[in-house]
Amino acid sequence: YLWIGTLGGVSRFNGTSFDNFSKQDGLHNNQVNSIYQLNNQSIALGAIGGLSIFDGHTFETILFPEAQRTAQVNHMYEDGENRLWVGTEKGLLCLKNGTWISLEHISDFPGNTHIKRIAPTSNGLLIACKEGICALREEDCSWELKDTQLGASIMDFYQSGSQWWIATIGKGLIIYDQKELQSFGPEEGLRSRNISGIESDGKGGAWLKSRDGLFHFDGKSMFSEYSDKEGLSTSDVRALCVDKQGILWLGTNGGGLQKFTGESFRYYTTEQGLSGNIVMSVVMEQDSTWWFSTYDNGITRKRGEEWTSF
């Protein structure tokens with residue numbers, strides 16, 4: 001199934017038709033902003049104040065503890081012990097067997113911090129929070145804040161070997177090797193300090209998106225830049241996805257969808273069948289079916305040369 005969170009509930013698409021769910025069907029809140037498939041194949045839907053767990057038939061509501069009752073879910077991750085870690089704008093939560101686990105035993109744990117992203121490491125979790133990069137170590141139940149003077153808003157991160165590549169607003173690209181942080185900005189060859197997303201190129205490097213254009217990082221120290229001068233329809237890039245052939249697909253703000261082979265750009269807009277020219281996300285299924293969500297005009301499916309809008 002394809003699950004789509006909206007301000008009016010959640011929709012499930014089976015390839016032919018949609019099933020729509022709202023509070024009338026048992027959903028905790030109609031504003032669904034985070035969706036995660038659990039290890040048992042149930043679907044966790046994050047909304048303000050709590051979760052809705054869908055087992056394929058019914059919804060179970062699990063409200064947040066009182067201190068986070070008005071918090072919005074930003075990210076979720078379930079580990080190998082079936083603990084669901086929930087990052088909210090008011091702190092980190094952990095759910096086990098339907099019950100919230102206290103995190104007070106973790107030394108130096110900040111209770112009320114804005115959690116942006118959660119990712120597993122070899123010995124715990126790497127967490128992007130308002131204060132900086134945090135590492136939660138499993139073996140000694142400790143929480144280590146890596147940089148309290150980051151001065152940047154963390155937007156996305158990606159693991160490359162033993163390193164973490166972190167996209168930020170304010171400090172460009174940051175590389176963290178689990179010992180120290182190194183930042184890349186204009187002085188290091190990356191023109192923009194405001195990087196909103198990162199995607200592996202499958203060749204040891206990464207693509208970086210921003211409102212200042214598209215950038216490529218070779219994985220070492222070199223950056224290449226692509227903007228309207230190089231053929232982008234607009235420099236405001238909102239979504240990235242690399243397909244199985246290594247071709248980059250981009251969603252833009254007003255310029256529709258673009259396909260980059262490494263040599264040239266190809267454009268797709270409403271004239272080719274896209275439902276809208278502000279493309280917020282790009283997703284490829286295993287069978288190479290593409291899905292594109294737009295800002296104000298629904299979603300589009302591309303299957304071969306056939307375009308279908310919903």
Side-chain angles (χ1 to χ4, degrees), residues 1-103 106 115-121 124-128 136 138 241 280-293 298-301 303 308 310:
Y1 294 108
L2 174 69
W3 289 85
I4 304 167
T6 75
L7 297 178
V10 66
S11 297
R12 182 182 66 179
F13 185 62
N14 63 11
T16 304
S17 60
F18 286 89
D19 293 316
N20 301 310
F21 304 96
S22 66
K23 291 181 69 174
Q24 294 180 343
D25 304 293
L27 201 61
H28 159 62
N29 189 304
N30 282 340
Q31 183 176 330
V32 177
N33 52 14
S34 185
I35 302 175
Y36 188 87
Q37 185 173 37
L38 302 176
N39 295 339
N40 65 3
Q41 304 304 306
S42 294
I43 302 297
L45 307 168
I48 295 175
L51 305 177
S52 294
I53 308 297
F54 185 66
D55 63 4
H57 304 283
T58 60
F59 291 96
E60 176 189 5
T61 294
I62 303 176
L63 296 177
F64 291 159
E66 193 64 35
Q68 286 88 10
R69 195 60 58 86
T70 60
Q72 175 176 291
V73 178
N74 292 325
H75 199 245
M76 292 185 280
Y77 167 74
E78 187 177 24
D79 63 24
E81 297 185 17
N82 298 323
R83 294 175 298 190
L84 180 64
W85 298 87
V86 181
T88 79
E89 59 188 350
K90 292 188 176 182
L92 181 68
L93 299 171
C94 183
L95 184 71
K96 175 76 171 180
N97 296 327
T99 301
W100 297 111
I101 299 174
S102 173
L103 301 178
I106 301 175
I115 305 294
K116 295 285 192 69
R117 285 287 303 273
I118 306 168
T121 65
L125 299 175
L126 187 72
I127 299 170
L136 183 62
E138 191 75 36
C241 186
M280 304 301 291
S281 64
V282 179
V283 177
M284 183 183 69
E285 292 189 54
Q286 292 183 351
D287 65 356
S288 296
T289 297
W290 287 93
W291 292 92
F292 314 109
S293 69
I299 62 174
T300 299
R301 179 182 66 192
R303 182 176 288 164
T308 306
F310 303 92

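Please read all numbers here as calculations on a predicted model, not as lab measurements.
- Scanning both residues, G8 and S22, for their nearest heavy atoms gives O-CB, 4.2 Å.
- Here the shortest heavy-atom pairing between I35 and G5 reads CD1-N, 3.5 Å.
- The two residues S34 and V73 have their closest heavy-atom pair at CB-CG1, 3.7 Å.
- The two residues Y36 and E78 make their nearest non-hydrogen contact at OH-N, 3.1 Å.
- In terms of heavy atoms, S11 sits closest to N20 at OG-OD1, 2.7 Å.
- Taking the side chain as every heavy atom from C-beta outward, W85 and L103 approach each other to under 4.5 Å.
- Atom CZ of R12 is separated from atom CD1 of I4 by 12.0 Å, given to the nearest 0.5 angstrom.
- Here the side chains of I299 and R301 are not in contact, with every heavy-atom distance at 4.5 Å or above.
- In this structure, the separation between CG on L84 and CG on N39 is 9.0 Å, given to the nearest 0.5 Å.
- The distance from the OH atom of Y77 to the CZ atom of R117 is 12.0 Å, given to the nearest 0.5 Å.
- Atoms CD and CG, from Q72 and N29 in turn, are 10.0 Å apart once rounded to the nearest 0.5 Å.
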Test log, rule side-chain contact (heavy atoms from CB on, under 4.5 Å), inputs T70 and K90 = CA-CA 9 Å; T70 60; K90 292 188 176 182; 2.7 Å; yes
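- Atom CD1 of residue I115 and atom CD of residue E89 lie 11.5 Å apart, to the nearest 0.5 angstrom.
- Atom NZ of K23 has 12 or fewer heavy atoms from other residues, nucleotides or ligands within 6.0 Å.
- You'll find the side chain of W290 reaches within 4.5 Å of the side chain of C241, heavy atoms only.
- One finds the CZ atom of R303 at 4.5 Å from the OG1 atom of T289 (value rounded to the nearest 0.5 Å).
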For residues 92-100, run the donor-acceptor check on the side chains, cut-off 3.5 Å, and write out each pair with its distance to 0.1 Å, sequence neighbours left out.
residue: K96; atom: NZ; partner: E81; partner atom: O; Å: 2.3
residue: W100; atom: NE1; partner: L63; partner atom: O; Å: 2.7

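- Note: Y1 and W3 have perpendicular aromatic rings, judged against thresholds of 30 and 60 degrees for the angle between ring planes.
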Which donor-acceptor pairs under 3.5 Å do the side chains of residues 41-61 make with protein atoms, sequence neighbours left out?
residue: Q41; atom: OE1; partner: Q37; partner atom: NE2; Å: 2.9
residue: S42; atom: OG; partner: N40; partner atom: OD1; Å: 3.2
residue: S52; atom: OG; partner: H28; partner atom: N; Å: 2.8
residue: D55; atom: OD1; partner: H57; partner atom: N; Å: 2.8
residue: D55; atom: OD1; partner: T58; partner atom: N; Å: 2.8

